[in-house]
Amino acid sequence: MKDENKYTRRNFVGTIGLATGGLCLLPLAVSCKSDASQKSISAGKNISKDFNADVDIQLKAEKSNTKIVSSGTADTYSYRASLYKGAKSTLQELEGSSLGPIIRVKKGNKVRIRFENEIPEKSIIHWHGLHVSHENDGHPEYVIGNGETYFYEFEVMNSAGMYWFHPHPHRTTGEQVYKGLAGLFIVEDDEEKALNLPTGDYDIPVVIQDRTFDESGQLVYLPNGKMDRMRGFLGNQILINGKIDNTLSLNKDGKYRLRLLNGSNSRAYKLAWDTGEPLTVFGVDGGLLQKHKTLPYLLLGPAQRVDVWLDLTNKNENEEIKLIHLPIPLDAMMGDGMMDDGMMGNASDNALPYNSQFDILSIKVGVSKKNEASLPETLSRISPLKLTDAINRNTPRTFNFGMENMMEWTINGRTYEGMQVADDEIVKLNTTEIWRINNGGNTTSAAGNDGGGMMGMHGNGGMMGNGGGMGNMMQMPHPVHIHQLQFNIVNRNIDNIDQNLWNAVKDGFINEGWQDSVYLLPGMYMDLVMRFEDFKGLFLYHCHNLEHEDMGMMRNFKIE
Ligand code: C2O
Ligand code: CU
Ligand code: CU
């Protein structure tokens, strides 16, 4: 809203050669035929003439320099957007930040994004949380090199909510996101519009990330190499919307919608108000909850989003309210207990310890200014998926997130294999399934997973056991994410979880609503119910600890 005129509006006809023809010019023409029978929406190396875009954006990834800390300027990457077509409010920059932009569209809009890669390495964009076709999903095998363009063309089918976009090249996603490549994709729809929720200056995105800087102000990424990678990056400072200044000046008597995204590479947060007041959450990854929830604190894993209601009616002018991180006893799993002391590098970096309290966001209450907005009893009328509709209700498709060969993070014993998909990763279009994602060794019905010959190698072995010794070093939280769809959480099993850890986080989960990312603790398994609709093809599911993902804790599932 503030900075719209930074975007140039151009007439795009003629600025880019309109190539005609095939959808099958993709780097690897997987399932072109089957997808052509789906919604007639394409993507890839060409613009399709018959795609009448409502919103048309040029999005460049380029090198940038950003002064984040006072000691110097960091070499960063940024997405820079220009609007070819669409309402002025479509693009909003995050001022002074390498992050952004915020793209705002309406459900039903046809969106074309011309992604131009101008960074000196391969990249591709993934639209995290969006229900789009294979070609529009940003598969790592579709990376483009410097100077190349990838055209996305899709219809926005998701409900109102905050989605996001980031690079998805295999092995380098973590570093590219770390350097600044991430933006927000906000969807609006009529259902939400009718609710009288806060809008404009009262609707505030808050991207939370952790970073580490050296004395010259440069970003430091994985100083201890492989050992840091095994754990995932953990920084020593919190950035809000890409900036070190975490203060928001808001109006007394204002009613706010804070849209939080945990955009960190691997860190989770246990968020609470320092006033001791509960958090009121009314939306999650895939949009509004049916009813809002109040929680004493909230556990927000990487890639997760929530809408937080903030009413400053009873606050005083000049009062300061803080959103803080509360201690979680996770440090042992992040290094201390994983190897002999020092080997994981935990001792040599100065990452913010999980088991400490630190500030996330500071809210300064200014002069009084009321806005008309309210939090209604019923927010969304979309009913969740029914367990009884699942074709595998009693035999969930099981995915074990763990470690193989001592130093490899795996899913069912496997790592990323390009376009490969295993028998037990193939599902049917227009079916509903239960997936059991497991981070704790044994599950009661691993029998549900009957494909592939890998099962004997894991799941029951001592490698993933819960008892001390080697068991501990195999267990870390895994923020699990599934592409292409939004699921509902059926249950969370905690039989094998460490009691200390559980006691510290148990009241911070939201099991309601539509989600695409969950924080799977060591010893926990979760059953998720999901439906495969509209698009056939390959889609990813993976750990959203970006270092784990880059090491290969990522697989395809195929809808056919
Ligand atoms: Cu946000 Cu496949 O990731
Ligand atoms: Cu995703
Ligand atoms: Cu992981």
Side-chain angles (χ1 to χ4, degrees), residues 123-134 136-143 152 154 158 161-174 176-178 181-185 207 209 228-234 261-268 285-286 301-305 330 333-334 338 399-404 407-412 414-416 437-440 464 473-487 514-522 524 530 535 538-557:
S123 197
I124 191 74
I125 296 177
H126 167 58
W127 309 95
H128 184 120
L130 291 191
H131 181 55
V132 293
S133 70
H134 166 78
N136 283 293
D137 198 46
H139 198 282
E141 300 306 313
Y142 293 169
V143 287
Y152 297 87
F154 57 84
N158 288 69
M162 188 169 84
Y163 308 87
W164 64 301
F165 57 97
H166 59 75
H168 221 301
H170 184 43
R171 296 186 201 284
T172 48
T173 293
Q176 290 186 11
V177 171
Y178 189 74
L181 293 180
L184 301 172
F185 195 92
V207 181
Q209 295 175 311
D228 279 356
R229 232 173 257 277
M230 290 304 295
R231 178 189 68 180
F233 174 84
L234 293 173
L261 158 66
N262 180 353
S264 309
N265 281 33
S266 90
R267 185 185 287 276
D285 299 341
Q304 291 189 299
R305 290 88 69 205
L330 261 180
M333 284 156 188
M334 299 301 164
M338 287 184 81
F399 298 95
N400 293 306
F401 287 74
M403 187 181 268
E404 294 285 319
M407 289 300 266
E408 209 171 31
W409 292 115
T410 57
I411 306 171
N412 279 352
R414 307 176 183 114
T415 52
Y416 179 71
I437 52 169
N438 176 37
N439 185 15
M464 301 207 18
M473 79 173 253
M474 303 308 164
Q475 295 210 316
M476 270 188 62
H478 297 294
V480 176
H481 167 51
I482 305 174
H483 279 216
Q484 211 259 7
L485 50 81
Q486 297 287 327
F487 51 75
W514 298 93
Q515 308 194 29
D516 57 53
S517 305
V518 290
Y519 198 60
L520 193 64
L521 289 167
M524 180 187 271
M530 65 198 76
F535 306 107
L538 284 184
F539 300 94
L540 297 161
Y541 65 102
H542 60 88
C543 179
H544 218 288
N545 175 323
L546 297 182
E547 287 70 41
H548 291 187
E549 173 184 337
D550 280 340
M551 290 176 84
M553 202 179 205
M554 169 162 74
R555 294 286 305 173
N556 293 305
F557 70 101

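First listed ligand is number 1; within each ligand, the first listed atom is number 1. When a residue number appears, it is its place in the shown sequence, counting from 1.
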Mind listing the closest non-hydrogen atom pair of P140 and M554 along with its distance?
CG-CE, 4.0 Å
Assign the ring pair H478 / W409 to parallel, tilted or perpendicular, where the plane angle (0 to 90°) is split at 30° and 60°.
perpendicular
Validation row, ring centre Y142 to ring centre H134 under 6.0 Å:
yes
Of all heavy-atom pairs between L261 and R305, which one has the smallest distance, and what is that distance?
CD1-CD, 3.8 Å
Closest contact, heavy atoms only, P302 versus S517
O-CB, 4.3 Å
Protein N, O or S atoms under 2.8 Å from atom 1 (Cu) of ligand 1
3
Using 30° and 60° as the class limits, which term best fits the ring planes of F557 and F539: parallel, tilted or perpendicular?
tilted
Metal site angle (apex atom 2 (Cu) of ligand 1), NE2 from H542 and NE2 from H483, 10 degrees:
110°
Can you tell me how the ring of H168 sits relative to the ring of H483, calling it parallel under 30°, perpendicular over 60° and tilted otherwise?
perpendicular
Minimum heavy-atom separation for D516 to H481, with atom names?
O-ND1, 2.7 Å
Give me the one residue out of E547, H544, Q209 that meets side-chain hydrogen bond (donor to acceptor under 3.5 Å, both in side chains) with N265.
E547
Listing by chain and number, which protein N, O or S atoms are under 2.8 Å from the Cu ion (ligand 3)?
H478 ND1, C543 SG, H548 ND1
Plane angle bin for Y541 and F401 - parallel if under 30°, tilted between 30 and 60°, otherwise perpendicular
perpendicular
